[in-house]
Amino acid sequence: MDIKRRKLILGGLALGAVAGVTALRPKAKGQGGHSDYFASVAKALDSAGFSGPTLVVDRENLQKNADILTGHLSGHYDYRVVAKSLPSLNLLDVISKRTNTNRIMVFQLPFLQQLVNSYPASDILLGKPLPIAAAKAFYAAPRVGHFDPSQQLQWLVDSPRRLTQYASLAQSLTQTLRINIEIDVGLHRGGVANAEDLAAMLNLIQRQPQLEFAGFMGYDAHAAKMPGILGGPEKAITRGLDIYRSRVEQAKAQLGEVYPKVVTMNAAGSPTYQLYKPHAGSAPCSEIAAGSCLVKPAGFDIPTLSDHRPAAYIASPVLKKLSQTQIPGIEGLTAPFSWLNPNREQSFFISGGYWKAEPESPAGLSINPIYGRSSNQEMLNGSRKVTLNEDDWVFLRPTQSESVFLQFGDIAVYSKGEIVDLWPVLANT
């Protein structure tokens with residue numbers, strides 16, 4: 001009886017274990033092929049003769065996002081378009097015209113050199129401090145058009161040491177350099193963080209006639225993801241604005257009569273720009289910078305951008321379709337792996353890969369965490385519910401725009417069922 005009882009107990013435990021594992025198995029995802037939207041984009045790419053990895057921008061969604069941004073600003077803040085997030089002259093053209101701005105934020109020397117030649121009437125603010133070697137290279141390079149750096153360009157400076165370097169450059173060039181001072185409003189990624197450093201920088205600007213104080217910039221990307229236990233986004237913005245206000249008051253007091261009548265007071269970014277709405281009229285800042293929200297990569301699926309629409313996708317053709325997923329060296333586990341996760345049943349190898357992007361369509365695709373990544377032929381897995389064949393398009397959604405957009409050559413512009421244009425990207429070298 002003891003042996004029988006033991007067998008029954010062990011059998012019950014085994015059945016319980018199997019039932020437990022079965023209950024934990026993920027459900028098979030997928031609904032067949034593409035939605036109507038992605039089927040239309042795929043057809044447009046085929047009709048236009050595309051055959052390799054392509055960055056696609058939806059023109060209508062891009063324009064709608066620009067309208068949403070303008071609606072939130074409601075004339076209370078000026079808008080500065082961020083070039084690193086929209087790295088194409090055509091993209092910048094569309095957004096600048098749609099939002100009625102000539103203000104651009106630039107983060108790298110190659111973009112700066114191209115933009116001053118392409119937009120001679122623009123007002124440009126650097127979005128990060130550049131090494132002094134970059135500033136020297138800018139002034140040494142030939143320029144076309146009528147862009148006047150002494151009036152239209154603001155160099156972002158974050159410390160007394162760096163400002164001393166720019167002061168020496170201004171002297172050697174015998175040319176005015178407009179200086180915008182980066183302040184730390186809570187992100188703690190650099191910027192002036194105390195009154196002493198700011199006083200030293202303002203003092204240097206006062207002593208050096210070829211340096212001109214142009215304003216402040218405070219970036220607050222941390223605020224959008226601040227947890228409620230720490231006060232949430234709204235409290236982080238309020239704290240940042242209090243810091244901003246104190247720096248402005250210090251500058252006004254120290255500079256006195258020479259404090260400029262027109263200054264650039266820049267703040268925010270895509271994740272936080274909507275949080276400035278309740279502070280309109282009382283905030284020390286007067287302009288908002290944003291770019292990524294206009295194409296809304298997956299990394300910007302956050303509450304503060306819930307009304308914006310995705311407007312950019314990577315399209316890549318399926319090169320190989322396999323009815324199973326085999327991991328080299330452990331082929332014997334193919335069947336158990338498929339049973340444990342039905343979403344690993346099929347394998348699709350696409351052209352290219354390893355982008356900062358997530359599979360979007362058809363629904364149910366995922367990257368295999370064991371097989372490894374590839375920038376040549378990326379493996380994607382799916383259940384039997386996913387219907388794809390060789391040469392079909394797979395769509396991935398970038399998690400960011402600033403580096404991803406530069407990896408595919410010309411951008412394919414999708415509008416109302418067709419690829420209507422090709423937009424070259426800016427050179428990054």
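Screening Pro271, Pro398, Cys293 against Phe300 for a side-chain contact (heavy atoms from CB on, under 4.5 Å) leaves a single residue, Pro271.
For Gln171, the side chain to side chain contact (heavy atoms under 4.5 Å, CB included) partners at least two apart in sequence or on another chain are Gln208, Gln210. With sequence neighbours excluded, no residue satisfies ring-ring contact (aromatic ring centres under 6.0 Å, His included) with His222. Annotation: ring-ring contact (aromatic ring centres under 6.0 Å, His included) contacts of Trp155 (sequence neighbours excluded): Phe138, Tyr139, Tyr166. A search for ring-ring contact (aromatic ring centres under 6.0 Å, His included) contacts involving Trp355 returns Phe408, not counting sequence neighbours. Evaluation of the side-chain hydrogen bond (donor to acceptor under 3.5 Å, both in side chains) rule for Ser246 yields no partner, not counting sequence neighbours. Scanning for ring-ring contact (aromatic ring centres under 6.0 Å, His included) contacts around Tyr276 gives an empty result, with sequence neighbours left out.
The shortest side-chain heavy-atom distance between Val81 and Thr99 does not fall under the 4.5 Å cut-off. For the pair Tyr244 and Met265, the minimum side-chain heavy-atom distance is below 4.5 Å.
Nearest heavy-atom pair across Ala312 and Phe405 is CB-CZ, 3.5 Å. Across every non-hydrogen atom of Lys29 and Val386, the tightest pair is O-CG2, 4.1 Å. Residue Ala223 comes nearest to Ile237 through the heavy atom pair CB-CD1, 3.8 Å, listed as atom of the first residue, atom of the second, then distance. Annotation for Leu305 and Ser270: closest pair CD2-O, 3.4 Å, computed over non-hydrogen atoms. The minimum heavy-atom distance linking Ala141 with Gln113 is given by the pair CB-NE2, 3.9 Å. Contact between Pro26 and Asn343 at its shortest, heavy atoms only, is CB-ND2, 4.1 Å.
The backbone N or O of Ser403 sits less than 3.5 Å from a side-chain atom of Gln400, completing a donor-acceptor pair. With hydrogens and angles disregarded, a donor-acceptor distance shorter than 3.5 Å links the side chain of Arg80 to the backbone of Asp123. Side-chain N or O atoms of Ser338 include none that pairs as donor or acceptor with a backbone N or O of Glu345 at under 3.5 Å. Ser40 places no side-chain N or O within 3.5 Å of a backbone atom of Asp36 that could act as its donor or acceptor partner. Of the possible polar contacts, none joining the Ser118 side chain to the Leu115 backbone as a donor-acceptor pair under 3.5 Å is found. The main-chain N or O of Ser122 is never found under 3.5 Å from a side-chain atom of Asn102 such that the two would form a donor-acceptor pair. The closest donor-acceptor contact from the side chain of Ser159 to the backbone of Arg162 lies under 3.5 Å. No side-chain donor-acceptor contact under 3.5 Å links Asp392 to the backbone of Leu388. No side-chain donor-acceptor contact under 3.5 Å links Ser74 to the backbone of His76. In this structure, the side chain of Tyr313 does not engage the main chain of Val41 through any donor-acceptor pair within 3.5 Å.
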* To do: Assess whether side-chain contact (heavy atoms from CB on, under 4.5 Å) is satisfied between Gln108 and Leu112, documenting all intermediate values.
  => CA-CA 6 Å; Gln108 53 264 76; Leu112 176 61; over 6 Å; no
* Worked check of side-chain contact (heavy atoms from CB on, under 4.5 Å) between Leu89 and Tyr119 -> CA-CA 9 Å; Leu89 292 179; Tyr119 297 107; 3.6 Å; yes
* side-chain contact (heavy atoms from CB on, under 4.5 Å) assessment of Asn389 paired with Val318 -> CA-CA 7 Å; Asn389 289 306; Val318 175; over 6 Å; no
* Asked: Would Ser415 and Glu418 satisfy side-chain hydrogen bond (donor to acceptor under 3.5 Å, both in side chains), going step by step from the backbone distance to the final call?
  -> CA-CA 5 Å; Ser415 176; Glu418 296 182 86; over 6 Å; no
* Stepwise, does the side-chain hydrogen bond (donor to acceptor under 3.5 Å, both in side chains) test hold for Thr325 with Asn381? -> CA-CA 8 Å; Thr325 299; Asn381 291 145; 3.2 Å; yes
* To do: Check the pair Asp307 / Gln274 against side-chain hydrogen bond (donor to acceptor under 3.5 Å, both in side chains), numbers first and verdict last.
  => CA-CA 11 Å; Asp307 52 352; Gln274 294 191 29; 3.0 Å; yes
* Where do Ile411 and Leu91 land on the side-chain contact (heavy atoms from CB on, under 4.5 Å) test, with the steps shown first? -> CA-CA 9 Å; Ile411 296 169; Leu91 264 174; 4.0 Å; yes
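Judged by distance alone, the side chains of Ser292 and Ser85 do bring a donor and an acceptor atom under 3.5 Å apart. Side-chain N/O atoms of Gln154 and Thr264 include a donor and acceptor closer than 3.5 Å. Glu287 and Asn266 are linked by a side-chain donor-acceptor pair at a separation below 3.5 angstrom, with hydrogens and angles left out of the test. Between the side chains of Ser366 and Arg344, at least one donor N or O lies within less than 3.5 Å of an accepting N or O. Side-chain contact, Asn376 with Ser374: no donor N or O sits under 3.5 Å from an acceptor N or O.
The salt bridge (Lys or Arg N to Asp or Glu O under 4.0 Å) analysis of residues 309-327, with sequence neighbours excluded, yields no pairs. For residues 363-392, the set of pairs meeting the ring-ring contact (aromatic ring centres under 6.0 Å, His included) definition, not counting sequence neighbours, comprises Phe349-Tyr371. Identified under the salt bridge (Lys or Arg N to Asp or Glu O under 4.0 Å) test for residues 57-78, with sequence neighbours left out: Asp67-Arg98, Asp78-Arg103. Applying the salt bridge (Lys or Arg N to Asp or Glu O under 4.0 Å) test to every pair with at least one member in residues 349-358, sequence neighbours left out, gives no pairs at all. The list of salt bridge (Lys or Arg N to Asp or Glu O under 4.0 Å) pairs with a residue in residues 215-226, not counting sequence neighbours, is empty.
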Contacts under 3.5 angstrom, residues 419-429 side chains, donor-acceptor by atom type, not counting sequence neighbours:
from: Asp421; atom 1: OD2; to: Trp423; atom 2: NE1; distance (Å): 3.2

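Taking the six-membered ring for Trp and thresholds of 30 and 60 degrees, Phe213 and Phe216 have ring planes more than 60 degrees apart, a perpendicular arrangement. A perpendicular orientation is assigned to the rings of His308 and Tyr273, their planes being inclined by more than 60° (bins at 30° and 60°).
For Arg161, the CZ atom sits in a loose shell: 12 or fewer heavy atoms of surrounding residues, nucleotides or ligands are nearer than 6.0 Å. Atom CZ of Arg189 has 12 or fewer heavy atoms from other residues, nucleotides or ligands within 6.0 Å. In the displayed structure, Gln31 atom CD is contacted under 6.0 Å by at most 12 heavy atoms of other residues, nucleotides or ligands.
Between Asp242 and Arg239 there is no salt bridge, since no side-chain N of the basic residue sits under 4.0 Å from a carboxylate O of the acidic one. Under a 4.0 Å N-O distance rule, the pair Lys97/Asp93 does not qualify as a salt bridge.
Rounding to the nearest 0.5 angstrom, the gap separating the CG atom in Leu156 from the CD atom in Glu182 is 5.0 Å.
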